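Heads up, the thing below is written out as structure tokens.
Keep in mind that this is a model prediction, so the values were computed, not measured. Labels below follow one simple rule: chain letters A, B, ... track the order of the sequence lines, proteins then strands, and each chain is numbered from 1.
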Amino acid sequence: MRTRFAPSPTGFLHVGGLRTALYACALAKQNGGQFLLRIEDTDQERNVPGAIEQIIHSLQWAGLAPTEGVVLQDGQVAQAGAKGPYIQSERLEIYRKHADLLHERGYAYPCFCTKDRLEAMRKQQEAAHQAPMYDRHCLQLSTEEIDKKLAAGEPHVLRLKIPRDEVISFEDDIRGLVTFRGDTIDDQVLLKSDGFPTYHLAHVVDDHLMEIDVVLRGEEWLSSLPKHLLLFQYFGWTPPRYAHVSLLLNKDKSKLSKRQNSVSVDEYRNKGYLPEALINFLALLGWNPGTTQEIFTLEELIQQFSLDRAQKAGAIFDLEKLDWLQGQWMRKLPLQDFADRIREDVGEQYSAALTDPKFLERVALIQERIIFFHEAPDMLSYFYQEPAVNMDVILSAKQKVTTDILATILDLLTKTLEGMADANWTADGIKNALEQALTDSGFKRGQLLWVLRAAVTGRDYSPGAYEVAASVGKEETVKRLQNVNALIKS
RNA sequence: GGCGCCGUAGUGUAGCGGUUAACACAUCUGACUUUCGAGUCAGACAUCGUGGGUUCGAAUCCCACCGGCGUCCCCA
């Protein structure tokens, strides 16, 4: 099985592109086949320098590095494989030969119409509420006229001659049977006047020559499918299987766009998303395993992916689930790896963290709650700095911590904790001591714990009170309780 | 406008003629754990786009309509 991903080097890799690449890669790899990267740079005006490197970097980051075609060698763009070149601008001769073939066989004809004429024609058609289509002006030209114009070097394109009385049907791997009427299809330009092919010609020629078995691409290509099918027929080739993948959508259901969303893979990477999370999320947008499994490694996706469980309807790109997945994958990181990823960042704000013997223990506490690496310094702040506490955090209506009893609670906490032996100062030890105090005092558990946690951390959301107090240390815990006491009096 | 595709909770999906319409995320309740926006558990949230038809029985099959999107470039 051979599949390919064929982006244009017009900028960063798009998340929709990454999903298509993922599906294509999974399909190839699950059968031990090849996943190759081809660069479609036939529009000279839109090519962006450096885009090829960018795209491959992003694919690599996601774990989808191609095994054939355009690759990166020591950071340089290179090509690997026997069916190259894999960059379309290096295949111009191939396209020209195939275009000539079509011309000779009468399946294509040269067109000398100027852009102005075409534009005027379209305007007219639009005004008359007709579908804008080439009017075949140049199809009426006699052989002599054509030869004369050609000899004079008049700029021209080559157009595909669509049989208007045919009906074209095809069984798409995702959408099932799709049908098109020939008379609604335009005579597509195959070869531009600059000698470059259009997508349509290049796609058919390349995917045949590169022996691609399944073409995966976005649904926006579906209406061009009949043209491609016709081309395969005219060349005398068997078309590949096609799978038109549903679109990724904005909240308003329009095609995912920069205006409303981050669309480049790089942006997600820079925001701190793990490649595992993004891939996992993308896989589930438009595909399901048929089981209730939600968390997938790339390996699992490669094993389990299948086109018959791919979705036909477009999927709204909704970040909430991505963030949940991101949290899940953060939790899966080995503690040491996780610590290494955040150490520098935390150290920048709290230099003590760099030499902190308890660093790992503290990091473990926040790993359960963190979504993004960049949250780490803030989440660890109270281990390295006395928190600024205020009454809004200490008091809690829900936990029934009110002004009139606060002093008593603080007093109880302070006395209980101060009286503990240093050897007992562990999460469990603190728990035991507090449980005892609890039964003696008649307070609710939450009343004590809320105050303790808020006093030590200064925030209404953090790891558990016992663990935090244990890690901060006895002396410091007591000190922070007293800080709150001072706050009451002021 | 022509053509094409699509239409199940807010979102992603399951469902393939008989289910209390399932799962996950989000939101909201309630309970429990060790306080929390963390964890565990239990609930709430769906005119299955609409209308007709076929059938004892339809989210599932048929028809019509509506809506959304895509496409109609010498862009890909």
- Note on the structure: Under a 3.5 Å limit on both distances, the Watson-Crick or wobble mate of B:G30 is B:C41
- Task: Would you please confirm or rule out a distance under 4.0 Å between OP1 or OP2 of B:U13 and any side-chain N or O of A:Lys321?
- Result: no
- Message: Without decimals, in angstroms, what is the distance between A:Lys227 NZ and B:G4 C1'?
- Response: 12 Å
- Note on the structure: Ranking B:U34, B:C74, B:G37 by distance to the side chain of A:Tyr461, first place goes to B:G37
- Query: Paired with B:C36: which nucleotide, if any, by Watson-Crick or G-U wobble criteria at under 3.5 Å for both distances?
  - Reply: none
- Message: Base, sugar-phosphate or nothing for A:Val451? Non-hydrogen atoms, less than 4.0 Å.
- Response: nothing
- Item | Any A:Thr42 side-chain N or O less than 4.0 Å from OP1/OP2 of B:A76 | yes
- Task: Return yes if a side-chain donor-acceptor contact under 3.5 Å exists between A:Asp428 and A:Tyr466, otherwise no.
- Result: no
- Roughly how far apart, to the nearest Å, are B:C28 and B:C66 at atom P? 40 Å
- Looking across every strand, which nucleic acid part, if any, lies under 4.0 Å from A:Ser246 by heavy atom: base, sugar-phosphate, or nothing? nothing
- Answer with base, sugar-phosphate or nothing: what part of the nucleic acid does A:Ala465 contact at a heavy-atom distance below 4.0 Å? base
- With respect to the side chain of A:Trp324, which nucleotide from B:U13, B:C25, B:A38 is positioned closest? B:C25
- Task: Return the nucleotide paired to B:U50: Watson-Crick means purine N1 to pyrimidine N3 with N6-O4 or O6-N4, wobble means G-U with N1-O2 and O6-N3, both under 3.5 Å.
- Result: B:A64
- Do the charged groups of A:Glu476 and A:Arg480 touch, with an N to O distance under 4.0 Å? yes
- Message: Using OP1 and OP2 only, check whether a side-chain N or O of A:Arg309 sits under 4.0 Å from B:G15.
- Response: yes
- When you measure from the side chain of A:Lys255, which nucleotide among B:G68, B:C74, B:G70 comes out closest? B:G70
- Could you tell me which nucleotide pairs with B:G2 by Watson-Crick or G-U wobble geometry, both distances under 3.5 Å, or answer none if nothing does? B:U71
- Query: Taking OP1 and OP2 of B:A76, is either one under 4.0 Å from a side-chain nitrogen or oxygen of A:Arg46?
  - Reply: no
- Item | From B:G4, B:U11, B:C74, nucleotide with atom closest to A:Glu219 side chain | B:G4
- Item | Spacing between A:Leu222 atom CG and B:A76 atom P, to the nearest angstrom | 18 Å
- May I ask you to verify if any side-chain N or O of A:Arg122 is less than 4.0 angstrom from the OP1 or OP2 atom of B:C74? yes
- Of A:Phe112 and A:Ala313, the one whose closest nucleotide on RNA chain B sits nearer the 5' end is A:Ala313
- Nearest of B:U34, B:A26, B:G1 to any side-chain atom of A:Tyr466? B:U34
- Determine whether the side chains of A:Ser381 and A:Arg459 contain a donor N or O and an acceptor N or O closer than 3.5 Å. yes
- Who does B:G10 pair with, Watson-Crick or G-U, both distances under 3.5 Å? B:C25
- Message: Does B:C6 have OP1 or OP2 under 4.0 Å away from a side-chain N or O of A:Lys312?
- Response: yes
- Message: Once hydrogens and angles are ignored, does a donor-acceptor distance under 3.5 Å link the base of B:C36 to the side chain of A:Arg369?
- Response: yes
- Looking across every strand, which nucleic acid part, if any, lies under 4.0 Å from A:Lys398 by heavy atom: base, sugar-phosphate, or nothing? sugar-phosphate
- Query: The side chain of A:Glu320 lies closest to which of these nucleotides: B:U11, B:A26, B:U34?
  - Reply: B:A26
- With under 30° as parallel and over 60° as perpendicular, where do the rings of A:Phe317 and A:Phe281 fit, or are they tilted in between? perpendicular
- Query: Rounded to the Å, how far apart are A:Arg117 CZ and B:C73 C1'?
  - Reply: 16 Å
- Query: Contact class for A:Ser462 (heavy atom, under 4.0 Å): base, sugar-phosphate, or nothing?
  - Reply: base
- Message: Within the 4.0 Å heavy-atom criterion, would you say A:Val189 contacts the bases, only the backbone, or no part of the nucleic acid?
- Response: sugar-phosphate
- Task: Determine, for A:Phe112 and A:Lys149, whether the Lys NZ or Arg CZ falls below 6.0 Å from the six-membered ring centre while staying within 45 degrees of the axis.
- Result: yes
- Note on the structure: Taken to the nearest whole Å, CZ/A:Arg217 to C1'/B:C5 is 14 Å
- Task: Give a yes-or-no answer on whether the side chains of A:Asn47 and A:Thr10 include a donor-acceptor pair shorter than 3.5 Å.
- Result: no
- Note on the structure: To the nearest angstrom, the CG-P distance between A:Asn288 and B:C23 comes to 15 Å
- Look at the side chain of A:Glu40 and decide which nucleotide, out of B:C36, B:A24, B:A76, has an atom nearest to it. B:A76
- Side chains of A:Thr414 and A:Gln482, donor plus acceptor under 3.5 Å: no
- Message: Closest approach to the side chain of A:Thr184, judged atom by atom: which nucleotide of B:C3, B:C74, B:C25 is it?
- Response: B:C3
- Looking at A:Tyr268, is A:Lys271 sitting on its ring face, NZ or CZ under 6.0 Å from the six-membered ring centre and within 45 degrees of the normal? yes
- Message: I need the CG-C1' distance between A:Leu160 and B:C72, as an integer number of Å.
- Response: 15 Å
- Taking for A:Ser193 and for A:Leu247 the nucleotide of RNA chain B with the nearest heavy atom, the one nearer the 5' end belongs to A:Leu247
- At under 4.0 Å, does any side-chain N or O of A:Lys192 touch on OP1 or OP2 of B:A76? yes
- Message: Between A:Lys253 and B:G68, is there a contact of a side-chain N or O with OP1 or OP2 at under 4.0 Å?
- Response: no
- Note on the structure: Re B:C56: Watson-Crick or G-U wobble partner, both distances kept under 3.5 Å, found to be B:G18
- Query: Taking atom types as modelled, is there a side-chain donor on A:Gln447 or A:Gln399 under 3.5 Å from an acceptor on the other?
  - Reply: no
- Message: Just to be sure I understand the rule, does A:Arg459 reach a base, reach only the sugar-phosphate, or reach nothing, if contact means heavy atoms closer than 4.0 Å?
- Response: nothing
- Message: Check this one for me: any side-chain N or O of A:Gln311 less than 4.0 Å away from OP1 or OP2 of B:G12?
- Response: no
- Rounded distance in Å - CG (A:Asn250) to P (B:G12): 12 Å
- Nearest-angstrom distance from the residue atom CG of A:Asp43 to P of B:C75: 5 Å
- Query: How is A:Gly286 classified with respect to the nucleic acid when contacts are heavy atoms under 4.0 Å: base, sugar-phosphate, or nothing?
  - Reply: sugar-phosphate
- Item | N/O donor-acceptor pair, side chain A:Ser223 with base B:C3, under 3.5 angstrom | no
